[in-house]
Amino acid sequence: MLDIKLIREKEADVRAALLKRGSIFKLEDVLAADRRRRALLTEVEALKSRRNAVSKEIGALKKQGQPCDEQQAAMRTVGDRITEMDNEVRTVDLELESALLQIPNLPYAGLPVGPDKESNRVARTVGTPRVFDFKPKGHVELGEALGLFDFARATRMTGAGFPLFIGVGARLERALIQFMLDIHTQEHGYTEVSPPFVCNPAAMTGTGQLPKMAEDMYRVNADDLYLIPTAEVPVTNIYREEIIEQTLPIRLTAYTPCFRREAGAAGRETRGLIRVHQFDKVEMVKFVEPETSYAELETLVADAEDILKRLELPYRVLELCTGDISFAAAKCYDIELWAPGQNDWLEVSSCSNFESFQARRAGIRYRRKDGKVDFVHTLNGSGVALPRLVVALLENGQQADGSIVLPKALSPFLGGMTRIERKAAETKKVDG
RNA sequence: GGAGAGGUGGCUGAGUGGUUGAAAGCAGCGGUUUGCUAAACCGCCGUACUGAUUAUAUCGGUACCGAGGGUUCAAAUCCCUCCCUCUCCGCCA
């Protein structure tokens with residue numbers, strides 16, 4: 001949410017910044033509601049002030065046994081008027097707030113400007129895609145042959161897009177989660193948290209999923225809760241409606257499953273692990289002072305990249321353009337892994353600085369050195385998402401015989417395993 | 001799920017209709033004293049919105065004692081609804 005005062009005082013700047021996102025927002029409506037709200041407040045607060053003063057007089061008169069019917073009658077009229085005006089204020093407040101919630105964050109100065117992902121800038125490419133002396137296979141073919149997952153059975157019990165990992169496949173998920181959490185907590189300075197996997201509408205609004213993304217989430221109707229689409233939601237909301245008294249920055253990391261309906265994506269990449277409704281992810285979240293948030297964004301990206309470097313996977317980092325950053329972000333880097341079976345780059349991480357956008361929605365504040373209260377800056381990034389990471393591991397590590405050579409760094413988390421072969425997978429096959 | 005108790009400022013904890021934004025204590029901040037530390041003493045010590053002024057500094061107004069509604073000239077205090085926490089019982093992992 002943007003600060004209404006900023007819109008009020010720097011209307012032209014805000015309009016220009018929003019225009020870079022490629023959409024036109026009706027600031028006039030917001031400003032009109034703001035003007036009307038303040039006019040109403042001035043009037044009704046004057047009435048309340050008078051009522052408070054006269055009520056005090058009435059109290060004094062009563063104590064002395066003096067008559068005060070006249071004052072009481074007058075204040076009854078004033079009270080009725082106050083009730084009316086309070087209702088008007090409430091209506092305008094709701095209008096204003098819902099309008100503000102629809103306005104995206106302002107893009108950070110210096111982002112590449114452009115309408116869509118074509119204008120994203122490649123910040124760097126790390127690692128060299130392997131040269132194959134055979135035609136590399138896709139992860140679905142590789143993994144099914146090795147018995148790592150079974151999409152057909154998962155579809156029978158749930159539906160398309162819900163992976164079922166089996167044997168070494170399931171263990172690989174668990175190993176990757178632990179691998180990443182260990183690095184972030186032991187080497188990158190994050191504190192691990194394990195949050196709820198469902199959140200209420202207020203939390204979803206705080207991080208920006210609501211109101212615009214309602215259709216993309218799974219909702220538990222009986223309790224008015226949503227399955228989280230990312231750990232960002234519960235982890236960022238840890239400090240919802242608080243003035244944080246502890247020293248910043250606070251760096252948290254969490255493993256959670258993530259649930260996304262992918263509304264509107266029907267028919268796209270339905271096979272395999274590239275686009276699924278449920279997936280595992282390790283997330284990093286930071287609460288920082290405004291002055292340091294862009295430096296913290298760089299280390300956040302570096303922390304995510306470190307995972308990929310240790311896994312010896314080729315990747316590139318994109319600096320997203322004004323038209324491609326998410327609703328709540330001011331600046332965002334995407335990290336994409338090279339997947340030879342797809343012959344394409346796959347997004348496995350999105351690292352964003354939201355500045356005070358989420359903090360203002362969620363009411364997350366801190367005390368500055370001068371004692372004043374101010375909104376924190378929030379950041380988050382995947383560190384990283386599992387399914388596409390598995391895709392890259394399988395497709396990059398594949399051998400001509402269909403086995404997979406695993407990165408050395410992962411072996412301690414897999415009981416010393418260095419290679420996934422048919423034999424090892426078969427011993428764990430569900431249907432024998 | 002059943003029965004009971006309760007939700008007040010960073011914390012503890014007073015307060016049952018009229019200078020209560022809210023006693024007191026602790027913590028915190030500033031200062032005095034002190035060779036240093038400690039102690040003692042003095043002062044300060046919520047948030048948001050809003051108005052005035054050149055001012056994120058100052059002064060004023062309004063609101064907030066779990067949330068929302070109601071009664072009243074006036075509500076932390078009375079009434080209603082909801083949420084949450086705690087204790088005991090039951091159930092389950």
Side-chain angles (χ1 to χ4, degrees), chain A residues 1-10 13 30-101 194 196-206 220 222-226 234 237-248 250 287 289-291 355-356 359-377:
Chain A
M1 182 157 60
L2 298 181
D3 187 355
I4 181 63
K5 286 176 192 160
L6 180 74
I7 300 176
R8 194 190 294 157
E9 287 159 20
K10 302 240 167 100
D13 294 349
V30 174
L31 288 167
D34 176 51
R35 273 192 299 272
R36 179 159 160 67
R37 172 173 176 275
R38 284 184 294 145
L40 283 168
L41 278 180
T42 304
E43 200 177 331
V44 73
E45 285 182 0
L47 288 176
K48 285 179 179 175
S49 176
R50 174 146 167 262
R51 179 176 67 179
N52 287 343
V54 175
S55 289
K56 221 170 255 182
E57 285 172 27
I58 291 172
L61 289 173
K62 288 219 167 184
K63 208 168 258 177
Q64 298 162 26
Q66 308 252 358
C68 50
D69 297 351
E70 209 174 293
Q71 286 91 331
Q72 286 193 21
M75 286 310 101
R76 200 171 299 140
T77 311
V78 170
D80 290 345
R81 180 68 187 134
I82 288 173
T83 305
E84 279 174 36
M85 294 193 66
D86 271 347
N87 286 333
E88 291 178 52
V89 170
R90 198 170 308 145
T91 306
V92 176
D93 270 345
L94 287 174
E95 280 173 25
L96 185 59
E97 198 196 336
S98 70
L100 283 173
L101 286 176
S194 180
F197 300 160
V198 290
C199 280
N200 60 33
M204 289 295 173
T205 305
V220 183
D223 299 292
D224 197 15
L225 295 169
Y226 292 87
N237 276 285
I238 287 174
Y239 294 104
R240 179 180 172 68
E241 302 297 333
E242 277 193 41
I243 298 171
I244 299 174
E245 299 293 346
Q246 59 186 284
T247 310
L248 298 178
I250 294 170
F287 303 84
E289 294 176 292
E291 295 74 26
E355 299 190 0
S356 60
R360 185 168 283 110
R361 287 176 161 234
I364 305 171
R365 295 170 294 170
Y366 78 110
R367 213 168 284 283
R368 294 196 316 228
K369 288 177 188 69
D370 65 7
K372 287 280 187 298
V373 171
D374 198 2
F375 290 106
V376 300
H377 279 193

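In what follows, chains carry the letters A, B, and so on, assigned in the order in which the sequence lines appear, proteins first and then strands, with residues in each chain numbered from 1.
For B:U77 and B:G7, the P atoms lie 12 Å apart once the distance is rounded to whole Å. Comparing B:C45 with B:G30, their P atoms are spaced 15 Å from each other, to the whole Å. With both ends at atom C1', the span from B:U20 to B:G13 equals 16 Å, rounded to whole Å. For B:U87 and B:A48, the C1' atoms lie 37 Å apart once the distance is rounded to whole Å. Only the P atoms considered, B:C64 is 32 Å distant from B:A27, to the nearest whole Å. Between B:A63 and B:U19, the two P atoms lie 14 Å apart (nearest whole Å). B:G17 and B:G1 have their P atoms separated by 36 Å, with the value rounded to a whole Å. B:C86 sits 14 Å from B:U8 when the P atoms are compared, rounded to a whole Å.
For A:Ser49, a side-chain nitrogen or oxygen approaches OP1 or OP2 of B:U62 to under 4.0 Å. Contact between the side-chain N/O atoms of A:Arg38 and the OP1/OP2 oxygens of B:C49 is not found at any separation under 4.0 Å. At the phosphate of B:U62, neither OP1 nor OP2 sits under 4.0 Å from any side-chain N or O atom of A:Arg50. Considering only side-chain N and O atoms, A:Lys372 lies under 4.0 angstrom from the phosphate OP1 or OP2 of B:A57. Close to B:G46, at under 4.0 Å from its OP1 or OP2, lies no side-chain N or O of A:Arg365.
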Give me, pair by pair, the N or O atoms of the protein and of nucleotides 67-69 of chain B that are less than 3.5 Å apart, along with how far apart they are.
{"unit_1": "B:G69", "atom_1": "OP1", "unit_2": "A:Arg90", "atom_2": "NH1", "d": "3.4"}

List every contact pair, protein side and nucleotides 79-84 of chain B side both N or O, where the distance is under 3.5 Å.
none

Could you run down the sub-3.5 Å N/O contacts of the protein with nucleotides 72-78 of chain B?
{"unit_1": "B:C73", "atom_1": "OP1", "unit_2": "A:Arg76", "atom_2": "NE", "d": "3.2"}
{"unit_1": "B:C73", "atom_1": "OP1", "unit_2": "A:Arg76", "atom_2": "NH2", "d": "2.7"}
{"unit_1": "B:C73", "atom_1": "OP2", "unit_2": "A:Arg76", "atom_2": "NE", "d": "3.4"}
{"unit_1": "B:C73", "atom_1": "O2'", "unit_2": "A:Ser55", "atom_2": "OG", "d": "3.0"}
{"unit_1": "B:C73", "atom_1": "N4", "unit_2": "A:Lys62", "atom_2": "NZ", "d": "3.4"}
{"unit_1": "B:A74", "atom_1": "OP1", "unit_2": "A:Arg51", "atom_2": "NH1", "d": "3.3"}
{"unit_1": "B:A74", "atom_1": "O4'", "unit_2": "A:Ser55", "atom_2": "OG", "d": "3.2"}

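Residue A:Val373 is classed as a sugar-phosphate contact, given heavy-atom separations below 4.0 Å to backbone atoms only. Residue A:Arg367 is in sugar-phosphate contact alone, with no base atom involved, counting any heavy-atom pair closer than 4.0 Å across all strands shown. Within the 4.0 angstrom heavy-atom criterion, no nucleotide atom of any strand lies near A:Arg368. Here A:Arg81 lies out of heavy-atom contact (under 4.0 Å) with every strand.
Judged purely by atom type and a 3.5 angstrom limit, A:Arg8 has no side-chain atom pairing as donor or acceptor with the backbone of A:Arg35.
Taking A:Glu241 as the reference, nothing meets the salt bridge (Lys or Arg N to Asp or Glu O under 4.0 Å) condition, with sequence neighbours excluded. Applying the side-chain hydrogen bond (donor to acceptor under 3.5 Å, both in side chains) test to A:Asp93 and every residue at least two apart in sequence or in another chain returns A:Arg37. Under the rule for a salt bridge (Lys or Arg N to Asp or Glu O under 4.0 Å), the partners of A:Asp224 that lie at least two apart in sequence or sit in another chain are A:Arg219. Under the side-chain hydrogen bond (donor to acceptor under 3.5 Å, both in side chains) criterion, A:Tyr239 pairs with A:Gln246, not counting sequence neighbours. Under the side-chain hydrogen bond (donor to acceptor under 3.5 Å, both in side chains) criterion, A:Arg240 pairs with no residue at all, not counting sequence neighbours. Legend: residues meeting side-chain hydrogen bond (donor to acceptor under 3.5 Å, both in side chains) with A:Arg36, ordered by chain and number and at least two apart, are A:Glu88.
A residue-by-residue look at A:Ile243 and A:Val44 shows that A:Ile243 has its nearest nucleotide of RNA chain B further toward the 5' end. Nearest-nucleotide assignment on RNA chain B puts the 5′-proximal partner with A:Asp374, out of A:Ala53 and A:Asp374.
Listed by first and then second residue, the side-chain hydrogen bond (donor to acceptor under 3.5 Å, both in side chains) pairs involving residues 47-56 of chain A are A:Lys48-A:Asp86 (not counting sequence neighbours). Residue pairs satisfying the salt bridge (Lys or Arg N to Asp or Glu O under 4.0 Å) criterion with at least one member in residues 65-78 of chain A, sequence neighbours excluded, are absent.
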*Taking only Watson-Crick and G-U wobble pairs with both distances under 3.5 Å, what dot-bracket line describes RNA chain B, where [ ] shows pairs that cross earlier ones and | shows pairs with another strand?*
((((((((.[[[..)..(.....]]].(((((.......))))).(((((((.....))))))).[[[[[..)....]]]]])))))))....
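When A:Thr205, A:Asn237, A:Leu225 are each tested for a side-chain contact (heavy atoms from CB on, under 4.5 Å) with A:Asn200, only one passes: A:Leu225.
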